[in-house]
Trainee: 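Pasting a structure here, questions to come.
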Amino acid sequence: MVTEMKDYTPNIEVQKENILNVNNLEIFYGEKRAVNGISMDIEENTITALIGPSGCGKSTFLRSINRMNDLIPGAFAKGEIIYEGLNILSNNINVGALRKEIGMVFQKPNPFPKSIYENITHALKFSGLKKKSQLNEIVEESLTKAALWDEVKDRLHESALSLSGGQQQRLCIARTIAMKPTVMLLDEPSSALDPISNAKVEELIVELKNDYSIVIVTHNMQQASRISDKTAFFLNGDLVEFDQTEKIFTNPSVKKTEEYISGRFG
Amino acid sequence: MTYFRGVIFFMEKLVPAKERLLKSQKNWMNGEVRGKIIVFICAIIMISATIAITIFLGTKGLQSFIKNGVSLIEFLTGKQWNPSDQAKPQYGALPFIFGSFTVTFLAALIAAPLGIGGAIFMTEIAPSWGRKILQPVIELLVGIPSVVYGFIGLTVLVPFIRVHFGGLGFSLLSGMIVLSIMILPTITTIATDAMSSLPKTLREGSYALGATRWQTIRKVLIPAAIPSLLTAIVLGMARAFGEALAVQMVIGNVKTMPHSILDASGTLTTIITLNMGYTTFGSPENNILWSMGLLLLIMSFAFILLIRYLSSRRKI
Ligand SMILES: Nc1ncnc2c1ncn2[C@@H]1O[C@H](COP(=O)(O)OP(=O)(O)O)[C@@H](O)[C@H]1O
Ligand SMILES: [Mg+2]
């Protein structure tokens, strides 16, 4: 006898937990406001893409999530970014500890002028990890995750600067992975790379989604639509629209978004 | 093996966010604070030493004007120098001020083109072998003590000038040649750093437009590096201005104003070193030497201000 099974699967996607809640975030460079009070929730194990024309505040926003803007004299933020119940913009945050959990990869690969191996162990060592066997294990694990292990396993002690641009960028991702962050912030991580390296980095980012929450700035529409789950469109410091990537690229609610995506400006 | 997100400190258990992420006493006492304290102490020692010297020199140097009633105008513009005259002491330091400036500018006039030329040679023309030869030469020049420069000047240069150009040989000319060799390494080193820190893309950008090497050097690289090159020259001049020993051995140390480049002269530094042993501390003759010292300090501040101004123009 066949009983009809009731389908309990909801139509909408399963709601993931939010890892970051951004509330009314404003960011200033001195007098000048670069981000105008944005609010958005960033989900766990999700790739969130930030798109928008140059100078609209994507990098500024991204860098505020791990307090990199602290390094810019005169830069300050108002509002809040809640991470694990804490406002990470507040003064009593230990930014060093925060940046270990919220890692960042930059547009131009910036490996240290040290060996490949030391590039990975650099931060681990000053975080108190000294045991050789452990370090070796993490080096292999993070290089493997960054899809670089096979290419460099025989030359771990050569200079990181001898790697190609794409390899250097994956090394930078690997050294971020080695810290076991929860969130990874990527600022146009493949825009300086050739198409093949770009494809590899993209593949890697999608792979990383299983373990990390990823926020990625990209100039490349195709890239955003290919790899991200949610997309936020920025314009002149405002968050114009934030939704499922599919929705943004097929049926955006705001006219400006549609115009930007179809290449009418930007 | 387990280690948790970011927080390798807490290997075994996952610690609540508050303990991981908030500043705590523990963070406070780690290397961060110790490092800060060490750096602070270094800075404070440096600053207080500088301030102490400045104050000491300031008070000593002003004595002659305040206590001994020397007129500042006379000091700066008078041409008669006779501080030990019992009846009518005269404190005109103009010949020495003039001597100091002249010998400094003349030395820079020789050393600047040589140094910058050498720098361009090392960075642009023959970066491989040129650098390999010139670099050790320059390092050697730095290592030679000033007394040796003076000694060579005294035994080689002074007689040479006496024979071939006339005069005593002890002259502004000898002083300027010795000084220019002494400041050459300063100028060359800083100029080389300036040229080689220019981004490679700048060169490529120019060559890609069809410019020749010489055009690139003259129209792109030198203009881009000019603030640093000027800084190099000014630093060299500051060194020349303060140099005493070598100059003293070749310049003649007379009290009169030089009228030609072959005349003997004196500089602020040489008069101080020559006379400080013969005057008693606190006497007017001694105090006026401190005033000259103060003048040297003020000049070196002026050089520093000039350097700052020049390097701030970099941000174009
Ligand atoms: N260090 C800075 N100092 C002052 N203004 C800055 C700085 N960095 C960025 N800005 C300004 O902030 C705005 C946003 O810049 P940014 O976040 O880099 O844009 P995006 O990454 O979207 O291209 C721009 O107008 C830019 O000029
Ligand atoms: Mg940017």
Trainee: Step through the shown structure and confirm whether more than 12 heavy atoms of other residues, nucleotides or ligands are within 6.0 Å of CD on A:Glu203.
Mentor: no
Trainee: If you count heavy atoms of other groups shown closer than 6.0 angstrom to NZ of B:Lys219, is the number above 12?
Mentor: no
Trainee: Going by heavy atoms in the side chains, are A:Asn94 and B:Leu22 under 4.5 Å from each other?
Mentor: no
Trainee: Can you name the nearest heavy-atom pair linking B:Arg20 to A:Ala97, along with the distance?
Mentor: O-CB, 3.3 Å
Trainee: Evaluate whether atom CD of A:Glu207 has more than 12 neighbouring non-hydrogen atoms of other residues, nucleotides or ligands under 6.0 angstrom away.
Mentor: no
Trainee: Roughly how far apart are A:Glu101 CD and B:Leu21 CG, rounded to 0.5 Å?
Mentor: 4.5 Å
Trainee: For the CG atom on A:Leu71, are there more than 12 heavy atoms of other groups (residues, nucleotides or ligands in this structure) within a distance under 6.0 Å?
Mentor: yes
Trainee: Let me confirm one number: the NZ-CG distance from B:Lys18 to A:Asn92, rounded to the nearest 0.5 Å.
Mentor: 9.5 Å
Trainee: Is chain B contacted by the side chain of A:Leu86, its backbone, both, or neither, given a heavy-atom distance below 4.5 Å?
Mentor: side chain
Trainee: For the residue pair B:Lys23 and A:Asn91, what are the closest heavy atoms and their distance?
Mentor: NZ-O, 2.8 Å
